[in-house]
Structures are given as structure tokens and as C-alpha cells.
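Presented below is the structure to which this report refers.
Computed from heavy atoms alone, side chains included, the values below leave out hydrogens, waters and symmetry copies.
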Amino acid sequence: MAKIISICNQKGGVGKTTSAINISAALAHYQRRVLLVDMDPQGNASQGLGFDISLLNKCVLDVLNDKQHIKKVIKKTDVPNLDLLPSKLKLASMDDLDSASNKYFILKDCLSLILDQYDYIIIDCPPSFGFLTLNALVASNTVLIPVQCEYFAMAAISQMLATISKIQATLNSCLSIEGFLLTMYDAKTNLDTEITIQVRSLFKENTFLTQIPRNISIPESNQRGEPVIVYRPTSSGALAYLSLAKEIIDHETI
């Protein structure tokens with residue numbers, strides 16, 4: 001039975017999609033069966049796995065609209081053990097379905113059909129608190145929150161925690177925090193060190209030990225449409241995501 005983890009932060013530019021791609025690939029590296037669900041209309045996670053979204057005939061929107069069975073839309077990737085439920089810009093039209101009575105449970109119902117086929121389902125959420133993100137959080141067991149080591153990090157965390165509390169109180173009482181992930185970390189800067197200390201002091205057991213460094217291999221791998229563990233497997237970025245995947249796997253026994 002798959003564990004469903006949303007990668008979510010309402011603040012953009014924190015490494016959310018990059019982390020979704022590379023966490024998925026790293027878990028697959030450790031022989032876990034993984035599905036990455038691209039719930040961002042920009043389709044960056046799909047592109048980051050080498051897909052030209054302009055050429056896709058079907059995407060996650062067709063599943064959510066009940067026009068296609070989810071199994072017919074899932075794509076195999078070049079990474080062993082990793083599949084993709086792709087996205088494209090037309091997914092933004094899902095915001096027009098606010099009148100549906102079960103509007104926040106659509107994704108959960110779709111994923112329920114394939115839970116036995118994967119060990120992990122990773123959802124890349126859009127950088128906003130709207131219909132698509134709500135569907136992702138309602139469907140999820142846990143949420144992983146990327147936190148960029150920068151000045152506005154704590155404000156973003158506060159907003160995210162408030163959102164999670166609302167979801168827990170109304171739509172998904174079982175939702176919990178997988179962990180806070182510090183991203184774009186540069187040990188040479190005082191600000192990055194200060195933010196790291198602050199986050200770890202406030203959210204001790206909920207902060208991953210692994211920090212994702214600033215590493216040129218990561219944006220280069222995105223541009224090439226490959227996870228960094230495929231593009232440059234010995235880089236500091238690749239090693240960090242492999243370490244993070246081990247921490248997530250360790251949670252299986254908790």
C-alpha cells in the first residue's frame with residue numbers, strides 16, 4: 001500500500017519541484033516503486049523527467065475530470081521503478097470545478113485505484129493554496145515542506161502550518177508532517193546558518209538531518225530533463241537527495 005507524500009510550500013522558488021523529482025528518483029534508486037504526480041499546471045516536474053508536455057495527449061486533468069482511467073495516463077520514465085502522472089497548462093482549468101460536492105476528494109479517489117501498485121506516491125503541488133493543493137493534501141498521508149535558507153523562510157513555514165491545521169480540522173484528520181527540508185543551503189553564509197539553526201530549534205524532530213546544498217549539478221539536471229542522481233550521481237546534490245531518501249525510508253518503520 002503506497003504512502004502518499006505531498007511536496008508543498010505556498011512560497012515559490014524554494015526547490016519544491018526539484019525536490020519532488022529527485023526524492024522520487026532517489027526512492028526509486030532504493031528499489032521502491034514510485035509514482036510522481038505532477039499537480040502543478042506549469043508541468044515542470046514532467047519536464048524535469050524528460051517529457052515534452054506540449055506533445056502529451058493526456059495528463060492528470062483527464063484523470064481528475066473522469067475522462068481517462070489513471071492507469072492509461074501514467075507514463076513510464078527512463079528511471080527504473082519511477083512512473084509519472086504528467087501535467088500541462090490546461091490543468092489550471094480545474095479551478096472551475098468549485099461547485100462539485102466532492103471537489104476536494106477527487107485526487108484521493110483516483111489514487112485509491114493504484115495504491116497497491118506503488119510504495120510511494122509523491123505529489124508535486126503548485127505554489128499556491130487553491131483547489132489543486134487542497135486535493136493533494138486531502139489525498140496525502142504526510143506533507144514534506146521544503147524551506148529555502150533565506151530571510152522569509154519562517155513566514156512561509158507559518159503559512160504552511162496554518163494551512164495544514166485547517167486541513168487536519170476539516171478534510172484530512174490523518175495528515176501529518178513528513179518533515180521540513182532545508183534547501184539551497186550554503187554553509188559559507190551566515191544567513192543560511194542562522195535560518196538552519198532557527199528551523200532546527202523550533203521543529204527538532206520534524207526537520208530532516210539532510211540539507212540540500214546549492215550545487216550547480218541540480219539546475220543543470222533540471223535543464224537536461226534528468227534527476228541529478230542520473231545526470232551526475234557523485235555530485236553533492238545527488239548524494240544529498242540519496243541521503244534524504246534514506247531518511248524517508250527510515251520513517252517506514254516508525
Side-chain angles (χ1 to χ4, degrees), residues 4-25 34-65 67-68 70 73-79 82-98 103-104 106-107 110-111 121-140 143-148 150 152 156 159-160 163 181 183-184 212 214 217-228 230-231 237 241:
I4 304 177
I5 304 174
S6 278
I7 314 293
C8 188
N9 192 323
Q10 293 160 249
K11 185 179 184 302
V14 298
K16 174 186 59 63
T17 296
T18 294
S19 292
I21 294 167
N22 288 292
I23 289 169
S24 298
V34 184
L35 173 67
L36 174 56
V37 178
D38 190 349
M39 283 290 280
D40 190 336
Q42 296 177 88
N44 289 338
S46 303
Q47 295 172 77
L49 285 174
F51 289 87
D52 184 342
I53 62 175
S54 67
L55 301 179
L56 292 172
N57 293 322
K58 295 175 286 190
C59 73
V60 64
L61 176 64
D62 299 293
V63 177
L64 298 174
N65 277 338
K67 293 180 179 178
Q68 292 287 340
I70 188 169
V73 183
I74 290 173
K75 302 285 188 182
K76 292 286 183 184
T77 75
D78 291 335
V79 179
L82 176 57
D83 293 344
L84 171 72
L85 185 57
S87 176
K88 56 194 306 182
L89 189 58
K90 66 179 184 178
L91 176 61
S93 66
M94 280 300 292
D95 285 330
D96 297 333
L97 294 182
D98 279 356
K103 58 184 177 180
Y104 298 133
I106 297 174
L107 180 62
C110 293
L111 294 180
I121 296 175
I122 307 297
I123 305 176
D124 181 35
C125 299
S128 61
F129 180 48
F131 176 83
L132 296 171
T133 298
L134 275 170
N135 259 263
L137 293 177
V138 168
S140 296
V143 54
L144 187 153
I145 306 169
V147 181
Q148 184 181 355
E150 55 101 51
F152 295 108
Q159 292 173 354
M160 206 49 237
T163 297
L181 173 64
T183 63
M184 306 180 199
I212 307 302
R214 288 190 180 274
S217 295
I218 295 176
E220 286 178 352
S221 69
N222 289 338
Q223 186 175 11
R224 289 175 62 94
E226 296 178 334
V228 70
V230 174
Y231 170 64
Y241 277 112

Residue pair [X] / [Y]: nearest heavy atoms and the distance that separates them:
| X | Y | value |
| --- | --- | --- |
| Ala136 | Ser140 | O-OG, 2.7 Å |
| Ala139 | Leu111 | CB-CD1, 4.2 Å |
| Asn9 | Pro146 | ND2-O, 2.7 Å |
| Leu61 | Lys90 | CD2-O, 3.3 Å |
| Glu220 | Tyr231 | OE1-OH, 2.8 Å |
| Gln10 | Phe129 | NE2-CB, 3.4 Å |

Quick check: do [X] and [Y] have side-chain heavy atoms less than 4.5 Å from each other?
| X | Y | result |
| --- | --- | --- |
| Leu107 | Val138 | no |
| Leu82 | Leu49 | yes |
| Leu56 | Lys75 | yes |
| Leu91 | Leu64 | yes |

Report the distance from atom [atom1] of [X] to atom [atom2] of [Y], rounding to the nearest 0.5 Å.
| X | Y | atom1 | atom2 | answer |
| --- | --- | --- | --- | --- |
| Gln68 | Lys58 | CD | NZ | 4.5 Å |
| Leu85 | Ile121 | CG | CD1 | 9.5 Å |
| Leu35 | Ile74 | CG | CD1 | 5.0 Å |
| Leu144 | Ser19 | CG | OG | 7.5 Å |
| Ile5 | Ile7 | CD1 | CD1 | 6.5 Å |
| Ser24 | Leu84 | OG | CG | 9.0 Å |

Identified side-chain contact (heavy atoms from CB on, under 4.5 Å) partner of Val60 from the options Ser87, Pro86, Cys110 |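 Of the listed options, the one satisfying the test is Ser87.
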Which of these, Ile21, Asn22, Ile212, sits in a side-chain contact (heavy atoms from CB on, under 4.5 Å) with Val228?
->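 Answer after filtering Ile21, Asn22, Ile212: Asn22.
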The salt bridge (charged side-chain N to carboxylate O under 4.0 Å, His left out) partners of Lys67 (sequence neighbours excluded) come to none
Tell me, with the steps shown, if Asp40 and Lys16 meet side-chain contact (heavy atoms from CB on, under 4.5 Å).
-> CA-CA 11 Å; Asp40 190 336; Lys16 174 186 59 63; 3.9 Å; yes
Please confirm whether the backbone N or O of Ala45 pairs with a side-chain atom of Thr17, one donor and one acceptor, at under 3.5 Å?
->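 No: the side chain of Thr17 does not pair with the backbone of Ala45.
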Within the side chain of Gln42, is there an N or O that forms a donor-acceptor pair under 3.5 Å with the backbone of Pro126?
->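 Checking the backbone N and O of Pro126 against the side chain of Gln42, no donor-acceptor pair under 3.5 Å is found.
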Is the closest side-chain donor-acceptor distance between Ser46 and Asp38 under 3.5 Å?
->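 A donor-acceptor contact under 3.5 Å links the two side chains.
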Output, in order, the C-alpha distance, side-chain angles, deciding distance and verdict of side-chain contact (heavy atoms from CB on, under 4.5 Å) for Asn135 and Leu132.
-> CA-CA 5 Å; Asn135 259 263; Leu132 296 171; 5.8 Å; no
Yes or no on side-chain contact (heavy atoms from CB on, under 4.5 Å) for Val79 and Val34, after CA distance, side-chain angles and deciding distance?
-> CA-CA 10 Å; Val79 179; Val34 184; over 6 Å; no
List in chain and number order the residues that pass side chain to side chain contact (heavy atoms under 4.5 Å, CB included) with Pro219, two or more places apart in sequence or in another chain; answer none if no residue qualifies.
-> Ile216
Check the pair Thr133, Met39 against side-chain contact (heavy atoms from CB on, under 4.5 Å), reporting the backbone distance first and the verdict last.
-> CA-CA 8 Å; Thr133 298; Met39 283 290 280; over 6 Å; no
